[in-house]
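Predicted, not measured: the structure shown is a model, and the values here were computed from it. Reminder, nothing fancy here: chain letters follow the sequence lines and each chain counts from 1.
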Amino acid sequence: MSMATAKPPAVAGTRPDGARPVFNGEKIRADFPILTTLCHGKRLAYLDNAATSQKPRCVIDAVTRYYQSQNANIHRGVYSLSEEATGAYEAGREAARRFLHARDAREIIFVRGTTEAINLVASAYGQRNIAAGDDIILSAMEHHSNIVPWQLLCERTGAHLRVIPMNDRGELCMDAYEKLFGPRTRFVSVVHVSNSLGTVNPVKEIVRIAHSHGVPVMLDGAQAAWHLPINVQELDCDFYAFSGHKTCGPTGIGVLYGKLNFLEKMPPYQGGGDMIASVTFEKTTYADVPHRFEAGTPNIAGVIGLHAALDYLAAVEGPEMLAHERDLLAYAQQRMAEAPGLRIVGTAADKISVISFVLEHVHPHDIGTILDGEGVAVRTGHHCCQPVMDRLAIPATARASLAFYNNQADVDQLVAGLRRVLEVFA
Amino acid sequence: MSDLRELYQEVILDHAKRPRNFRIMPDADHQADGHNRLCGDKLRVFLKVRDGKVDAVSFHGEGCAISKASASLMTETLAGKTVAEAQDIFERFHALLTSPVEDDGAAESLGKLAVFAGVREFPVRVKCATLAWHTLQAAMAQRPDAPAAAVSTE
């Protein structure tokens with residue numbers, strides 16, 4: 001299934017007998033130790049999930065267990081501990097393949113996060129395939145991490161960026177997108193779900209149009225991966241990236257998916273150990289995909305933690321979780337609309353998780369400080385999306401972003417906090 | 001957390017809502033842009049210096065309540081001060097916001113600016129309160145015929 005183009009049915013999660021299953025949110029909340037901590041003596045309402053997700057106990061335990069009883073370098077030792085660590089690392093690759101529904105585990109490359117994944121593609125793919133006068137298409141709602149690597153490539157090569165515009169609701173203008181293609185269009189890189197607006201982009205259609213022009217597509221899945229089921233074969237994207245820390249896993253680990261036929265033709269991104277077949281001072285032969293792109297000792301503990309996170313997500317993900325997230329988003333938007341002078345920024349027909357908002361006469365930074373005092377964690381600022389803020393002619397927003405472990409109490413706490421903001425600035 | 005009223009004092013809210021000297025000064029002989037990237041605050045400080053004294057000072061731009069109020073109170077405080085006095089006030093103001101211990105004497109010597117003492121309890125907001133002052137410094141250092149200087153409190 002593709003969540004990108006097909007909206008879930010309004011009755012997502014409905015059982016054949018018509019009864020809507022209850023999503024066991026309290027049981028899930030108990031999996032996340034941090035959710036029981038206090039913030040300024042108050043219950044923590046963590047609503048900054050678009051910045052990073054919290055970690056379930058199984059992930060924390062997996063990382064601890066690795067360091068306590070499995071730690072050794074991989075792909076090196078003949079001793080059993082090293083073999084065990086190698087096995088655990090490569091099992092993480094298989095888990096990532098399963099998570100993305102990729103065809104082959106060799107299409108999974110471990111990186112530090114989405115940012116490094118995009119840099120890797122811009123650098124290794126760009127070096128061979130993009131030249132002066134070529135065009136690269138991005139969208140108006142990209143995170144800085146899907147702009148700057150391409151700008152660096154443009155500076156090196158003399159290529160140009162073309163930008164898909166968006167409307168005031170925060171939806172991409174697909175007609176304009178198609179018109180951006182020309183004989184020199186070489187690459188498209190677009191965000192799957194916007195971190196600043198919550199828009200779910202029609203990525204399957206974006207890929208189809210690009211492929212009709214013979215142009216490959218990379219999707220930035222940092223915000224999408226833990227909200228939507230991802231099937232890279234159905235999307236038919238050529239590259240897909242996501243970050244571990246935004247999928248209940250550790251920081252410092254992420255995944256780049258690339259179609260094998262692309263990866264095999266790409267030169268290395270970094271040189272070092274583990275990415276070579278043989279080295280002499282005259283000539284080095286590189287290792288095969290995927291190890292060619294994983295120079296040096298990798299983030300083994302990160303992969304093991306990510307594996308635990310992806311297994312955890314696989315167990316909780318499904319129509320009920322999606323329905324819970326959509327219901328909570330609707331509830332939050334409805335409750336927040338009660339606050340006088342509040343305007344939600346980003347009102348795409350298909351959106352998830354993210355509620356960016358501004359309050360008349362109150363700067364987002366002041367909202368953030370006052371909400372913090374009420375135990376509510378939200379992000380304030382430009383969300384690493386300055387072009388989005390410029391496009392919408394606002395300097396910044398406050399952003400509440402939801403996860404499956406949030407509940408109505410979190411939203412109610414946010415709404416009470418907003419009342420406090422209005423009191424202070426009355 | 002400290003009481004929010006310590007941070008959002010009436011004087012601060014008043015200056016945030018109705019900032020003083022909030023205008024573009026077309027005939028300024030010094031100006032600079034300040035940018036707090038964390039929250040998107042952007043302001044420009046305009047300055048006229050005559051005989052080593054601040055003859056006129058104004059600001060314009062977008063910002064949170066703390067940065068706007070700080071800029072507004074700064075412009076009120078500095079009118080008629082010498083460049084050296086302005087520098088001295090900034091140093092004491094900065095110490096008020098960042099020193100690990102409260103110093104009632106320092107606060108008293110700062111007059112109205114002492115309302116910002118509460119910012120000390122909110123370390124991430126210190127940059128908001130000092131943005132206008134850093135921008136002022138850049139403006140003072142700018143040669144009259146040069147394009148606007150730019151500073152960032154990142």
(request) Salt-bridge test for B:K68 and A:D366: reply yes if a basic N is under 4.0 Å from a carboxylate O, no otherwise. (result)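 No salt bridge links B:K68 with A:D366.
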
(request) Give me the contact list for residues 413-426 of chain A versus chain B, heavy atoms only, anything under 4.5 Å, ordered by residue number. (result)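 Listed by number, the contacting residues are A:R420, A:E423, A:V424, A:F425, A:A426.
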
(message) My understanding is that only residues two or more places apart in sequence, or in another chain, count here; which of them pass salt bridge (charged side-chain N to carboxylate O under 4.0 Å, His left out) with B:K17?
(response)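 Testing B:K17 for salt bridge (charged side-chain N to carboxylate O under 4.0 Å, His left out), a comparison that skips the adjacent residues, returns none.
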
(request) Please list, chain by chain and in numerical order, all residues satisfying salt bridge (charged side-chain N to carboxylate O under 4.0 Å, His left out) with B:D27, sequence neighbours excluded. (result)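 Only B:K48 meet the salt bridge (charged side-chain N to carboxylate O under 4.0 Å, His left out) criterion with B:D27.
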
With a 3.5 Å cut-off and sequence neighbours excluded, list the donor-acceptor pairs that the side chains of residues 79-86 of chain B form with protein atoms.
unit_1, atom_1, unit_2, atom_2, d
B:K81, NZ, B:T77, O, 3.3
B:T82, OG1, B:E85, N, 3.0
B:T82, OG1, B:E85, OE1, 3.4
B:E85, OE1, B:T82, N, 2.8

(message) Using every non-hydrogen atom in the two residues, find where A:P395 and B:E62 come nearest and quote the distance to one decimal.
(response)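 Heavy atoms of A:P395 and B:E62 come nearest at CG-OE1, 3.9 Å.
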
(request) Could you grab the distance from atom OH of B:Y8 to atom OG1 of A:T369, nearest 0.5 Å is fine? (result)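 B:Y8 OH to A:T369 OG1: 4.5 Å, rounded to 0.5 Å.
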
(request) Mark yes when over 12 heavy atoms from residues, nucleotides or ligands other than A:R391 sit less than 6.0 Å from its CZ; otherwise mark no. (result)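 Yes.
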
(message) Does A:H160, at its NE2 atom, have more than 12 non-hydrogen atoms belonging to other residues, nucleotides or ligands within less than 6.0 Å?
(response)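 Result for NE2/A:H160: enclosed.
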
(request) Answer yes or no: is there a donor N or O on one side and an acceptor on the other, between the side chain of B:R125 and the main chain of A:H365, under 3.5 Å? (result)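 Yes, B:R125 side chain to A:H365 backbone: donor-acceptor pair under 3.5 Å.
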
(request) With a 4.5 angstrom heavy-atom cut-off, could you sort out which part of B:I66 is near chain A: side chain, backbone, both or neither? (result)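 B:I66 touches chain A through backbone and side-chain heavy atoms alike.
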
